[in-house]
K.L.:
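Here's a structure for you.
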Amino acid sequence: MIPFASLCVLLLFPDGSLETAATDLSVLGCAFRLPSSDAERIGEMTGCEFRFRSPAGESRRLLPRGAFTIHVEKALPGRTLFRLETGDAAFRKAAAEYMRAMLALGEPSSAEDGPVFPDTMDGAAREMLRGVRADRDWGAGMEIYLELAEPADWEDFLFLSPGECLRRRLARRGLTGHPLAEREPGGVQAGNPWCPALRPDRATLDRLREKAARGGLRLSLSLAPVSEENLDLVLRDLEDADEEITVNDWGTALLLEGKKKTMGVLLNRQWKDPRLTQAQAALLRQNDACGEEYLRFVRETGFERLEWEACGRETDLPAMKGTLRLPFYQTNTSSRCPVRAVWERGDRGRQLPMGPCKAPCREETLLYPAGSGVVCRWNTLFGCDAGILSDGERLKRARERGVGRILLDL
């Protein structure tokens, strides 16, 4: 599968369009997969647009319906693999240039400067959140927690008031006019759920506890998946912890018996992808936690709360205490770090294990081409649900199912 951020195939229909990713590419065409519900419409196509996104820049090629042929290459359970072929000279030229650029310049999700890349993570976030507006009662009745995911966040929290921390982040994301600017956080969540190298040590954790207690704030903790070599240290640091702990691997969940545990999003999986159309997303509203047997197992494992993500669509939520992360949502997390590879080896393809390191991700972000809807932070690829920051009705429906907390990962 060619990454979506590198090559997007836009299928055009009389009533709209459908984005998909190519599984392979040549100067003669490409292959792509569609779910069965969309595969039935393939004969209605009026055209096709290719968006080539190499580190050298972005180019597009529109093919009218008569310029290509499509046939079924393989029928798979729930989906169909199609083959598109064309003799269009302009397509052949664009595809050849794209493949040469990829061969010369490397992985498509490059952090190279250029007109299609935002300058910084702040710039990427502002672009993703452009135009967000909300009614004054947005998020009414839900408590606000602020995520402290890296050392810069811990330092801000230790030296600023919680409200100042929140408003500073909103300003960096271009959200100074959002109703959130008038709210005060009721709690903070310390720790990074993706990268284990960004876990506050015991001394820092004690300082965060002291600051939270002094300000009358609730403090919760968040753990990335814990490796065998770090397990003893993590368990020792948490031995006397009485805070809620968000856990993202089963082994640690079982070892933290008796603790107040929240199931993190790496365990409480959702179908989420910025490429999903609303029609596709409607088929994926449920996940394992919607089943009574699984939910019983979750409770028996000691989880008291489930952490969810706002990922651009409605999700069927079980009647259990929940936290909703927004507006960014995880789509892929690696056990090896591309940011560290760029920093230490000058090549994101030569990835290194996560930590111990100099935490270059405190300054560095890998930015995808504009329009891809994704950004790489730490060891994780994120999409953005800008709509949830405007859609108070979606929040109300989540609150009715037990989601009483918003966790801001701004």
K.L.:
Identify the two heavy atoms, one from Ala241 and one from Leu221, that lie closest to each other, and give their separation to 0.1 Å.
P.N.:
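The pair with the smallest heavy-atom distance is CB-CD1, 4.4 Å.
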K.L.:
Distance-only, no hydrogens or angles: does the Asp409 side chain make a donor-acceptor pair with backbone N or O of Glu147 under 3.5 Å?
P.N.:
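Not a single qualifying donor-acceptor pair exists.
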K.L.:
Decide yes or no for Val265 and Thr246: does some side-chain heavy atom of the first lie under 4.5 Å from some side-chain heavy atom of the second?
P.N.:
no
K.L.:
Are the side chain of Arg83 and the backbone N or O of Val72 linked by a donor-acceptor pair below 3.5 Å?
P.N.:
no
K.L.:
Can you tell me how far CZ of Arg207 sits from CZ of Phe157, rounded to the nearest 0.5 angstrom?
P.N.:
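Answer for the CZ-CZ pair, Phe157 versus Arg207, is 11.5 Å.
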K.L.:
Is it true that a side-chain atom of Trp154 and a backbone atom of Leu148 form a donor plus acceptor pair closer than 3.5 Å?
P.N.:
yes
K.L.:
Begin from the C-alpha positions of Thr333 and Trp378 and carry the test side chain to side chain contact (heavy atoms under 4.5 Å, CB included) through to its verdict.
P.N.:
CA-CA 9 Å; Thr333 296; Trp378 309 303; over 6 Å; no
K.L.:
I'd like to know if Glu49 and Arg61 make a salt bridge, using a cut-off of under 4.0 Å between side-chain N and carboxylate O.
P.N.:
no
K.L.:
Counting only N and O atoms by type, is there a donor-acceptor contact under 3.5 Å from the side chain of Thr86 to the main-chain atoms of Ala67?
P.N.:
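Looks like yes, one N/O pair under 3.5 Å.
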K.L.:
Please tell me whether Thr323 and Arg305 have a donor and an acceptor in their side chains that are separated by less than 3.5 angstrom.
P.N.:
yes
K.L.:
If I take atom SG from residue Cys48 and atom CZ from residue Phe91, how far apart are they, to the nearest 0.5 angstrom?
P.N.:
8.0 Å
K.L.:
Within the distance-only criterion (no hydrogens, no angle test), does the side chain of His178 pair as donor or acceptor with the backbone N or O of Val132 below 3.5 angstrom?
P.N.:
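No, because the side chain of His178 does not come within donor-acceptor range (under 3.5 Å) of the backbone of Val132.
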K.L.:
State whether Lys396 and Asp391 are salt-bridged, where the test is any N-O pair (Lys NZ or Arg NE/NH1/NH2 against Asp/Glu carboxylate O) under 4.0 Å.
P.N.:
no
K.L.:
Given salt bridge (charged side-chain N to carboxylate O under 4.0 Å, His left out), test Asp153 with Arg169 step by step and report yes or no.
P.N.:
CA-CA 10 Å; Asp153 297 337; Arg169 292 201 204 176; 3.6 Å; yes
K.L.:
Show your working on salt bridge (charged side-chain N to carboxylate O under 4.0 Å, His left out) between Arg33 and Glu73 and close with a plain yes or no.
P.N.:
CA-CA 10 Å; Arg33 289 196 294 259; Glu73 186 158 290; over 6 Å; no
K.L.:
Any carboxylate oxygen within less than 4.0 angstrom of a Lys/Arg side-chain nitrogen, looking at Arg209 and Glu243?
P.N.:
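Between Glu243 and Arg209 there is a salt bridge, with a charged N closer than 4.0 Å to a carboxylate O.
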K.L.:
Could you report the tightest heavy-atom contact between Ile70 and Met45, atom names first, then the distance?
P.N.:
CD1-SD, 3.6 Å
K.L.:
Of all the heavy-atom pairs spanning Arg126 and Arg172, show the shortest one and how long it is.
P.N.:
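So the minimum-distance heavy-atom pair works out to NH1-O, 3.0 Å.
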K.L.:
Could you tell me whether the side chain of Lys261 and the main chain of Ala253 form a donor-acceptor pair under 3.5 Å?
P.N.:
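Checked: pair present.
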K.L.:
When you measure from the side chain of Thr204 to the backbone N and O of Pro200, does any donor-acceptor pair fall under 3.5 Å?
P.N.:
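No, Thr204 side chain to Pro200 backbone: no donor-acceptor pair under 3.5 Å.
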K.L.:
Arg397 and Glu400: salt bridge (charged side-chain N to carboxylate O under 4.0 Å, His left out), yes or no, with the steps?
P.N.:
CA-CA 5 Å; Arg397 290 189 289 273; Glu400 290 169 357; over 6 Å; no
K.L.:
Using 4.0 Å as the upper bound for N to carboxylate O, is an ion pair formed by Glu257 and Lys259?
P.N.:
no
K.L.:
Could you please spell out the steps behind the salt bridge (charged side-chain N to carboxylate O under 4.0 Å, His left out) verdict for Arg214 and Glu210?
P.N.:
CA-CA 6 Å; Arg214 198 164 58 242; Glu210 180 183 350; 3.5 Å; yes
K.L.:
Check the angle between the aromatic planes of Phe382 and Phe328 and answer parallel, tilted or perpendicular using the 30° and 60° thresholds.
P.N.:
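Plane angle over 60°, so perpendicular.
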K.L.:
More than 12 heavy atoms of other residues, nucleotides or ligands under 6.0 Å from CZ of Arg65: is that the case?
P.N.:
yes
K.L.:
Are Arg130 and Glu127 ion-paired here, with the side-chain N under 4.0 Å from a carboxylate O?
P.N.:
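Yes, Arg130 and Glu127 are salt-bridged.
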K.L.:
Which value, rounded to the nearest 0.5 Å, describes the distance between Leu166 atom CG and Arg168 atom CZ?
P.N.:
12.0 Å
K.L.:
Which atom pair, heavy atoms only, marks the closest approach of Cys165 to Leu160?
P.N.:
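Taking Cys165 first and Leu160 second, the nearest heavy atoms are SG-CB, 3.9 Å.
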K.L.:
Charged N to carboxylate O below 4.0 Å: is that the case for Glu164 and Arg167?
P.N.:
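The answer is no: the pair does not qualify as a salt bridge.
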K.L.:
Any chance you could lay out the side chain to side chain contact (heavy atoms under 4.5 Å, CB included) test for Phe13 and Leu18, step after step, and finish with the verdict?
P.N.:
CA-CA 8 Å; Phe13 296 90; Leu18 176 64; 4.0 Å; yes
K.L.:
So, the side chain of Thr331 versus the backbone of Leu381: is there a donor-acceptor pair under 3.5 Å, distance only?
P.N.:
yes
K.L.:
Does a sphere of radius 6.0 Å around CZ in Arg79 hold more than 12 heavy atoms from other residues, nucleotides or ligands, not counting ones at 6.0 Å or beyond?
P.N.:
yes
K.L.:
Just wondering, do Met263 and Val247 contact through their side chains at under 4.5 Å, heavy atoms?
P.N.:
no
K.L.:
What is the distance from atom CE of Met128 to atom CG of Leu389, rounded to the nearest 0.5 Å?
P.N.:
13.0 Å
K.L.:
Identify whether the distance between the nearest side-chain nitrogen and carboxylate oxygen of Asp242 and Lys260 falls below 4.0 Å.
P.N.:
no
K.L.:
Just verifying a value: how many Å separate Arg399 CZ and Met142 CE, rounded to the nearest 0.5 Å?
P.N.:
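Rounded to the nearest 0.5 Å, the CZ-CE separation comes to 7.0 Å.
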K.L.:
Does any non-hydrogen side-chain atom of Leu410 lie less than 4.5 Å from one of Leu175?
P.N.:
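A side-chain contact exists here, since the closest heavy-atom pair is under 4.5 Å.
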K.L.:
State whether Phe50 and Arg60 meet the cation-pi test: NZ (Lys) or CZ (Arg) under 6.0 Å from the six-membered ring centroid, and within 45° of the perpendicular axis.
P.N.:
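No cation-pi geometry.
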K.L.:
Where do Pro225 and Asp249 come nearest, in terms of heavy atoms and distance?
P.N.:
CA-OD1, 3.5 Å
K.L.:
Determine all donor-acceptor pairs shorter than 3.5 Å in which one atom belongs to a side chain in residues 233-240; sequence neighbours excluded.
P.N.:
from: Asp237; atom 1: OD2; to: Arg199; atom 2: NH1; distance (Å): 3.0
from: Asp240; atom 1: OD1; to: Arg202; atom 2: NH2; distance (Å): 3.3
from: Asp240; atom 1: OD2; to: Arg202; atom 2: NH2; distance (Å): 3.0

K.L.:
Quick check: does any side chain N or O of Asn192 sit under 3.5 Å from a backbone N or O of Ala149, one acting as donor and the other as acceptor?
P.N.:
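The answer is yes, because a donor-acceptor pair under 3.5 Å joins these two groups.
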K.L.:
For Arg133, does the CZ atom sit with more than 12 other heavy atoms under 6.0 Å from it, leaving out its own atoms?
P.N.:
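Open.
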K.L.:
Could you pull out the closest heavy-atom pair between Ala190 and Leu208, with the gap in Å?
P.N.:
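Closest approach of Ala190 to Leu208: CB-CD1, 3.8 Å.
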K.L.:
Is the CG atom of Asp135 crowded by more than 12 outside heavy atoms at less than 6.0 Å?
P.N.:
no
K.L.:
So Trp250 and Phe303, would you call those rings parallel, tilted or perpendicular, with 30° and 60° as cut-offs?
P.N.:
perpendicular
K.L.:
What do the steps show when you test Arg218 against Tyr145 for side chain to side chain contact (heavy atoms under 4.5 Å, CB included), and what is the final call?
P.N.:
CA-CA 9 Å; Arg218 289 177 292 278; Tyr145 269 52; 3.1 Å; yes
K.L.:
Tell me whether Asp385 is salt-bridged to Arg325, with the criterion being a basic N under 4.0 Å from an acidic carboxylate O.
P.N.:
no
K.L.:
Is there side-chain contact between Leu180 and Ile144, with at least one heavy-atom pair below 4.5 Å?
P.N.:
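Counting from C-beta outward, Leu180 and Ile144 do come under 4.5 Å.
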K.L.:
Test side chain to side chain contact (heavy atoms under 4.5 Å, CB included) on Leu306 and Thr262 and set out the steps.
P.N.:
CA-CA 6 Å; Leu306 302 179; Thr262 293; 6.0 Å; no
K.L.:
Would you find a donor on one side and an acceptor on the other, under 3.5 Å apart, between the side chain of Asn248 and the backbone of Leu266?
P.N.:
yes
K.L.:
Salt bridge or not between Glu150 and Arg377? Use side-chain N to carboxylate O under 4.0 Å.
P.N.:
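Yes, this pair counts.
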K.L.:
Distance check, rounded to the nearest 0.5 Å: Met99 atom CE versus Phe52 atom CZ?
P.N.:
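Going from the CE atom of Met99 to the CZ atom of Phe52 covers 8.0 Å.
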K.L.:
Are His71 and Glu85 close enough that some pair of their side-chain heavy atoms sits under 4.5 Å apart?
P.N.:
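Of all side-chain heavy-atom pairs linking Glu85 with His71, at least one is under 4.5 Å.
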